[in-house]
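This report refers to the structure that appears directly beneath it.
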2 protein chains.
Amino acid sequence: MAPRKAVDQELSREAIIDVAHQLFVDQGFQAVSMRMIARELGYSHGAIYYHFKNKADLFYAMIEQDFAMINQELAQLDKLELSREEKLKELLLGFIRFGLTYPNHYEVMFIMNDKELQHYATNAPEQSYQQFAQAVAALTNQQIEIKKIWSVFLMLHGFVAHYCRIGHSFQEVEELAMSHVDMILGMIYMG
Amino acid sequence: MAPRKAVDQELSREAIIDVAHQLFVDQGFQAVSMRMIARELGYSHGAIYYHFKNKADLFYAMIEQDFAMINQELAQLDKLELSREEKLKELLLGFIRFGLTYPNHYEVMFIMNDKELQHYATNAPEQSYQQFAQAVAALTNQQIEIKKIWSVFLMLHGFVAHYCRIGHSFQEVEELAMSHVDMILGMIYMG
DNA sequence: CCCTTAATTAACCGTTGTTCAATTAAATCG
DNA sequence: CGATTTAATTGAACAACGGTTAATTAAGGG
């Protein structure tokens, strides 16, 4: 009935996640079907069920990767040879850069709004935010209120969310991003 | 085959929009079906098609109503008996209030990334933003750069988008909103 | 009594997530 | 090398649900 493909063309968890990612971001969880993913991959839909238990399972595996990535990027900031001010600026700009470099990831992590999945994808964002907040606090010598850090995050989020939506790259909006970040920094340092 | 209901119980466009409104808020465009709306109304799904051409038609009729709402709300600001500073504050806070009071419409206007529907809902947001930007410029005596107004908008957008996502009402986050707005105002006035 | 309006219901046709027997390629073993 | 086992893929089948349409029926006004 059905030929099995050669070993060098075997389907992998990663390949599925990659394709699923693009589709989920483009169209949302509900709108993307297992069949669509399979079609895009050039495989039958049944094949996906060999690698993932079900649709939700695939989805969770997908965003798990994403959060690991941003956490790692946040952690790497400490190692830079920069002043506190420069590090802070790099932190804020880096958040934007991450969001626009991996818009698919960012959208799934912080923008996408699906009732079914939100329950599962609520812990990881919180954890990433905590890491961000701690970095900001450290880089401002704990002089900044908790509430303010949260506002800063939302200000960055607004920038990223908007340009994610209209599909601009970081390069295209780099100048605007810098000016946005400068405004935020001004606000942080002026109390 | 099927009895028609009495006149005093006839289905109306408004009734449909009201129910659809609630459901769309709760679950989003894709997740809400015509059958669900009809079930909620206590009518058959076919009945809706007498009042609306199709699902998209219903959806647009629904948001059209409230598209005018934000513009009207922006316009009404002029008539308030307040100082410029107070008006500006009310403008920023009002934007957040609108977004969280009508999260589904806000989502369609500024967040949703549905290819099908975005085509229809791309002009109106731009128009609303222009009105917002002009109001800000006027209330700051044209002392603020264009770029800065845009950043201010994105800062508000970040707030609304996030709390839309996790489904909080304006009341629930009113204090946070005020503090967020105060930060933005501080930034505006400090250059 | 006819005609428009409004509602119901069945039906059409497509898609969905998921399961599963059948099938085949690769790997392993004798 | 040949036989057997294991892994991976297929495609059919299922039951549910989607939007939409058309035939049908009933209500009320002229």
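The basis for the numbers below is simple: all heavy atoms, side chains too, and nothing from hydrogens, waters or symmetry mates. Naming convention: chains lettered A, B, ... in sequence-line order (proteins, then strands); numbering from 1 in each chain.
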For the pair made of [atom1] in [X] and [atom2] in [N], what is the distance, rounded to whole Å?
X       : N      : atom1 : atom2 : answer
B/Ile37 : D/dC17 : CD1   : P     : 16 Å
B/Phe29 : D/dG18 : CZ    : P     : 13 Å
A/Phe59 : C/dG17 : CZ    : P     : 14 Å
A/Arg39 : C/dT16 : CZ    : P     : 7 Å
A/Leu11 : C/dA25 : CG    : P     : 17 Å
A/His51 : C/dT18 : NE2   : P     : 16 Å
A/Ile48 : C/dC20 : CD1   : C1'   : 16 Å
A/Arg13 : D/dA8  : CZ    : P     : 12 Å

My understanding is that only residues two or more places apart in sequence, or in another chain, count here; which of them pass side chain to side chain contact (heavy atoms under 4.5 Å, CB included) with [X]?
X        : result
A/His51  : A/Leu11, A/Arg13, A/Ile16
A/Gln134 : none
A/Asp18  : none

(Q) Need the bend value for the helix from C/dC1-D/dG30 to C/dC12-D/dG19: angle between end axes, 5 pairs each end, nearest 10°. (A)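 What I find for the helix from C/dC1-D/dG30 to C/dC12-D/dG19 is an axis angle of 0°.
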
Partner residues of [X] under the salt bridge (Lys or Arg N to Asp or Glu O under 4.0 Å) criterion, sequence neighbours left out:
X       : value
B/Lys55 : none
B/Lys87 : none
A/Glu90 : A/Arg97

Q: For B/Lys89, check side-chain hydrogen bond (donor to acceptor under 3.5 Å, both in side chains) against everything at least two apart and list the hits.
A: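 side-chain hydrogen bond (donor to acceptor under 3.5 Å, both in side chains) check on B/Lys89 returns B/Asp182.
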
Q | Distance-only donor-acceptor check, side chains B/Glu86 and B/Ser83, under 3.5 Å | A |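 Side chains of B/Glu86 and B/Ser83: pair found under 3.5 Å.
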
Q | Polar contact flag, side-chain donor to acceptor under 3.5 angstrom, B/His157-B/Tyr106 | A |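 Distance-only check passes for B/His157 and B/Tyr106.
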
Interface polar pairs with nucleotides 19-22 of chain D, N/O, under 3.5 angstrom:
from	atom 1	to	atom 2	distance (Å)
D/dG19	OP1	B/Met34	N	3.2
D/dG19	OP1	B/Lys55	NZ	3.3
D/dG19	OP2	B/Met34	N	2.9
D/dG19	N7	B/Arg35	NH1	2.3
D/dG19	O6	B/Arg35	NH1	3.4
D/dG19	O6	B/Arg35	NH2	2.9
D/dT20	OP2	B/Tyr49	OH	2.8
D/dT20	OP2	B/Lys55	N	2.9
D/dT20	O4	B/His45	NE2	3.2

